[in-house]
Every structure is written in structure tokens, then in C-alpha cells.
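Along the sequence shown, residues are numbered consecutively beginning with 1. Since we're looking at a predicted model, the values are computed, not measured.
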Amino acid sequence: MVKIEAATRLAIESAAARLDAGSLVAFPTETVYGLGADASDPQAVAAIFRAKGRPSNHPLIVHVPEGSDLAAWAADVPPVAARLIDRFWPGPLTLILPRRAGVGDAAAGGQATIGLRCPGHPIAQALLAAYALRRSGRDRGAPVGIAAPSANRFGHVSPTSAAHVRDEFADTGADIYTDADAADASASILILDGGDCPVGIESTIVDCSRLDTIGPVLLRPGHVSAAMIEDAIGVELRTADPDAPRASGTLAAHYAPATPLRLVDAEALRGVPDDVAVWSRAKPASCSGSRWRVAPPDAVTYAHELYAALRSFDASGAREIWIERPPLTAGWTAVNDRLNRAAAGSGSR
């Protein structure tokens, strides 16, 4: 059973208790909803991989409380990484760092590096704080972190609302419960409902594990732009290379709807079949199709609405989804990244 709870203090405490028992909890971050488990518990982490159908060598991101001692997870936090932490944490930025030996192997997909993020969403931070308090009373000194990829089946469109998570795992018996049921242990996944995620696409990922040889590397663009990062560290970011660590959401096909998705130019929208859903920058005056929606004009709002739009189109019964290509300018880099990966993986299920 999947269970949605309003993110009250009672529900957060219940979620922390479930994490401590090795169970899964879905929770909001400022980017997308995450499917979380105790990052230091290999069996709990394995439950994430099973629930998502995710390959076990595809690493997860470990979410840590604000002010954490990262030495619990990382063998080294170089000055470049420290500057990024000072500037952007809590926030939508993940750092790839050398992993401390003996911790987080399952969450790291067996790599010698680990992805760490301090989320900026207040519910995510409240959950991390409640879990840290619970762990300190039982196992003082143990590393505290919640391994949490996006709360969806592997490769599917990421969820930006609690209802998206429930729908994604509906085959486990989705339902919505009231606050009085917060302590009920029957749910396979407890979902903390924090409303819509404000950013709407996954975190930026920067590899800081090879600074001496390669330099900082942008593995996945996001809300924190390359220009913002370079301004913070005074160093130019490198692009991803074949030897870069594996990282979440960097496969060529990802974030994909079941309906085939095509990225098209405005010219192609002059003759759209009735059974095609369209997201375009403008709607022709002659168009009356109910599946035609106008996309936001700015990249920030577009990113916020992207996954909800893809899920809506997927549920509309359309034969295909046509999306007008956004501008190929720096401000749209993250949006174009997600659209290209979504198109590459669409229609495959």
C-alpha cells in the first residue's frame, strides 16, 4: 500500500521511524520527490533499487542534514567543493566526492565516489533532522543520510507532486490517508505530501572527485547553472568525459513518458494530427485541439511545469507528444537536457 500523508510533525516523525526500520519513504525536495531509505543500510538501499527497477550499479544521491560533517561520507572535501557548499547548500546542487572507505557502498553503486546533496526543501530538512535525532539516540556517531533517487520507476518521468508518486506505484495499492493514520506501518511506501516541488527538475551534478587531474566537471545541468558555479569557484567547468563517475540521471534515455515524444520546430506544428498532444511556445489561432497547450515563456517556469505536463500528456490518450524545441541558449540548458533524454527514452513501454 502506498500512503500519502500531509507533512505534519506527526507524519515526519512517523516517516523517520520507518526509515530507522529500513522502510521506504517518499518525500518532497525543491527539485522532485525522492524515494528515500537509510543510506548506510545496504538492505534498505536495495529496497529502493527493487521498487524502482533500477540497476544496482546506477548510483543514488545521499541527502544530508544542513551542517553535516561530510567526513562521515567523503574521504575529502576539497576547497572547490567547500566553496560550492557555502554558496549553494541547502539547495539543488549535488557534489560527487571521493567516498570514505567502508560507508555508502550500496548507495554509491559500488564506486569509489559518492554523490552528496543538502536539500533546501523545509520538509526534506525536517525529515533529515528527525532521522538524525532518532539515530543519535540509538547509534551515536553513525553517518546520517537518506539515499533518494526520484520517486518513480526507473527511466520514467520524475514526480513533482505526492499524487505523481502514488500514481507511479499504484500497483502496490495506492491510497490517501489522514493524519490520524500516520503511525500505520501497513504502507509499503509512506509519502510525505509537501505540495508541488518549486524547481521541478533534478539537481545539478558536479564531479569534484578528480580536481587534481581533470578539474570540476558538470555531469548534469540543473537549476544551479554552469555560469553560477563558475562564478562561485573561479574555475571553468569541464564537460562530462568517458571516465567520469556514474551519476544519477545521466543516461541518454531517461525522464521518459510512455507515449512517443518528438521534439519539433515551429514549422512542423502547422499540420498537427488530432490525436497528437502538443506543447508549443504559441498556439495558432485556428487550432481547437484540446491537447494543445502553450508552454511557459521562461526557462524557470517551464522547468517547474515540465514533468507535470509530460504526465498529463501521457494520460491524455494521445498517439504522440510533440514539443516545440525551446531556445538553445544557456538559460535553457537544463530543460533541453531533460527533453532530449525524455525523447530518447519515450515510447519504450
Partners meeting side chain to side chain contact (heavy atoms under 4.5 Å, CB included) with Pro42 (sequence neighbours left out):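 Pro42 satisfies side chain to side chain contact (heavy atoms under 4.5 Å, CB included) with Ala106 only.
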
Non-neighbouring partners of Val264 that pass side chain to side chain contact (heavy atoms under 4.5 Å, CB included), sequence neighbours left out: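 If we apply the side chain to side chain contact (heavy atoms under 4.5 Å, CB included) test to Val264, skipping adjacent residues, the hits are Arg262, Ala268, Leu269, Trp322.
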
Val64 and Leu70: CA distance, side-chain angles, deciding distance, side-chain contact (heavy atoms from CB on, under 4.5 Å) verdict: CA-CA 8 Å; Val64 297; Leu70 298 188; 4.1 Å; yes

Quick check: does any side chain N or O of [X] sit under 3.5 Å from a backbone N or O of [Y], one acting as donor and the other as acceptor?
{"X": "Tyr33", "Y": "Gly194", "result": "yes"}
{"X": "Thr250", "Y": "Ala247", "result": "yes"}
{"X": "Arg99", "Y": "Val103", "result": "yes"}
{"X": "Ser346", "Y": "Ala343", "result": "yes"}
{"X": "Asn340", "Y": "Asn336", "result": "yes"}
{"X": "Arg117", "Y": "Val62", "result": "no"}
{"X": "Thr204", "Y": "Gly222", "result": "yes"}
{"X": "Asp298", "Y": "Thr301", "result": "yes"}
{"X": "His223", "Y": "Pro92", "result": "no"}
{"X": "Gln125", "Y": "Pro119", "result": "yes"}

Minimum heavy-atom distance between [X] and [Y], given as atom pair plus value:
{"X": "Met228", "Y": "Phe88", "answer": "O-CZ, 3.6 Å"}
{"X": "Ala39", "Y": "Trp73", "answer": "CB-CH2, 3.6 Å"}
{"X": "Thr31", "Y": "Cys197", "answer": "O-CB, 3.2 Å"}
{"X": "Asp41", "Y": "Gly22", "answer": "OD2-CA, 4.2 Å"}
{"X": "Arg135", "Y": "Ser40", "answer": "NH1-OG, 3.5 Å"}
{"X": "Phe49", "Y": "His58", "answer": "CE2-O, 3.3 Å"}

Linked hydrophobic residues, Leu263 as query - side chain contacts closer than 4.5 Å: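 Val32, Val157, Val199, Ile201, Tyr255, Leu261, Trp279, Tyr302, Leu306, Tyr307, Leu310, Phe313, Ile321, Ile323, Trp332, Val335, Leu339, all in the cluster of Leu263.
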
Summary of ring pair (Phe, Tyr, Trp, His ring centres under 6.0 Å) pairs that have at least one residue in residues 193-220, sequence neighbours excluded: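 Counting only pairs at least two positions apart or across chains, no ring pair (Phe, Tyr, Trp, His ring centres under 6.0 Å) contact touches residues 193-220.
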
Linking I/L/V/M/F/W/Y whenever any side-chain heavy atoms sit under 4.5 Å apart, do [X] and [Y] land together?
{"X": "Ile61", "Y": "Leu35", "result": "no"}
{"X": "Leu128", "Y": "Leu19", "result": "yes"}
{"X": "Val144", "Y": "Leu192", "result": "yes"}
{"X": "Ile214", "Y": "Ile233", "result": "no"}
{"X": "Ile189", "Y": "Val45", "result": "yes"}

Spatial distance of atom [atom1] ([X]) from atom [atom2] ([Y]) [nearest 0.5 Å]:
{"X": "Ile205", "Y": "Leu95", "atom1": "CD1", "atom2": "CG", "value": "10.0 Å"}
{"X": "Leu190", "Y": "Ser14", "atom1": "CG", "atom2": "OG", "value": "5.5 Å"}
{"X": "Arg293", "Y": "Ser316", "atom1": "CZ", "atom2": "OG", "value": "9.5 Å"}
{"X": "Arg50", "Y": "Leu24", "atom1": "CZ", "atom2": "CG", "value": "8.5 Å"}
{"X": "Asn152", "Y": "Ser158", "atom1": "CG", "atom2": "OG", "value": "4.5 Å"}
{"X": "Arg210", "Y": "Asp241", "atom1": "CZ", "atom2": "CG", "value": "4.0 Å"}

Please set out all donor-acceptor pairs under 3.5 angstrom arising from side-chain atoms of residues 108-115, sequence neighbours excluded.
{"unit_1": "Gln111", "atom_1": "OE1", "unit_2": "Arg246", "atom_2": "N", "d": "2.8"}
{"unit_1": "Gln111", "atom_1": "NE2", "unit_2": "Arg246", "atom_2": "O", "d": "3.0"}

Arg319 vs Asp274, salt bridge (charged side-chain N to carboxylate O under 4.0 Å, His left out): CA-CA, chis, key distance, verdict: CA-CA 9 Å; Arg319 175 175 57 85; Asp274 291 339; over 6 Å; no

Quick check: do [X] and [Y] have side-chain heavy atoms less than 4.5 Å from each other?
{"X": "Pro28", "Y": "Ile123", "result": "yes"}
{"X": "Val206", "Y": "Thr94", "result": "no"}
{"X": "Arg166", "Y": "Asp193", "result": "no"}
{"X": "His254", "Y": "Arg338", "result": "no"}
{"X": "Val217", "Y": "Thr239", "result": "no"}
{"X": "Val235", "Y": "Ile229", "result": "no"}
{"X": "Val278", "Y": "Val276", "result": "yes"}
{"X": "Leu84", "Y": "Cys208", "result": "yes"}

Mutual orientation of the aromatic rings belonging to Phe27 and His63 [parallel < 30°, tilted 30-60°, perpendicular > 60°]: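 Phe27 vs His63 ring planes: perpendicular.
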
Note: Lys52-Glu168 ion pair, threshold 4.0 Å (strictly below):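 No, this pair does not count.
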
Residue pairs passing the salt bridge (Lys or Arg N to Asp or Glu O under 4.0 Å) test where at least one lies in residues 211-239, sequence neighbours excluded: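 Residue pairs passing salt bridge (Lys or Arg N to Asp or Glu O under 4.0 Å), neighbours aside: Arg87-Asp231.
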
Polar contact flag, side-chain donor to acceptor under 3.5 angstrom, Arg54-Ser248: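 Yes, Ser248 and Arg54 have a side-chain donor paired with an acceptor closer than 3.5 Å.
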
Asp314/Thr259 under side chain to side chain donor-acceptor pair (under 3.5 Å): CA gap, chis, key distance, verdict: CA-CA 6 Å; Asp314 227 1; Thr259 308; 2.5 Å; yes

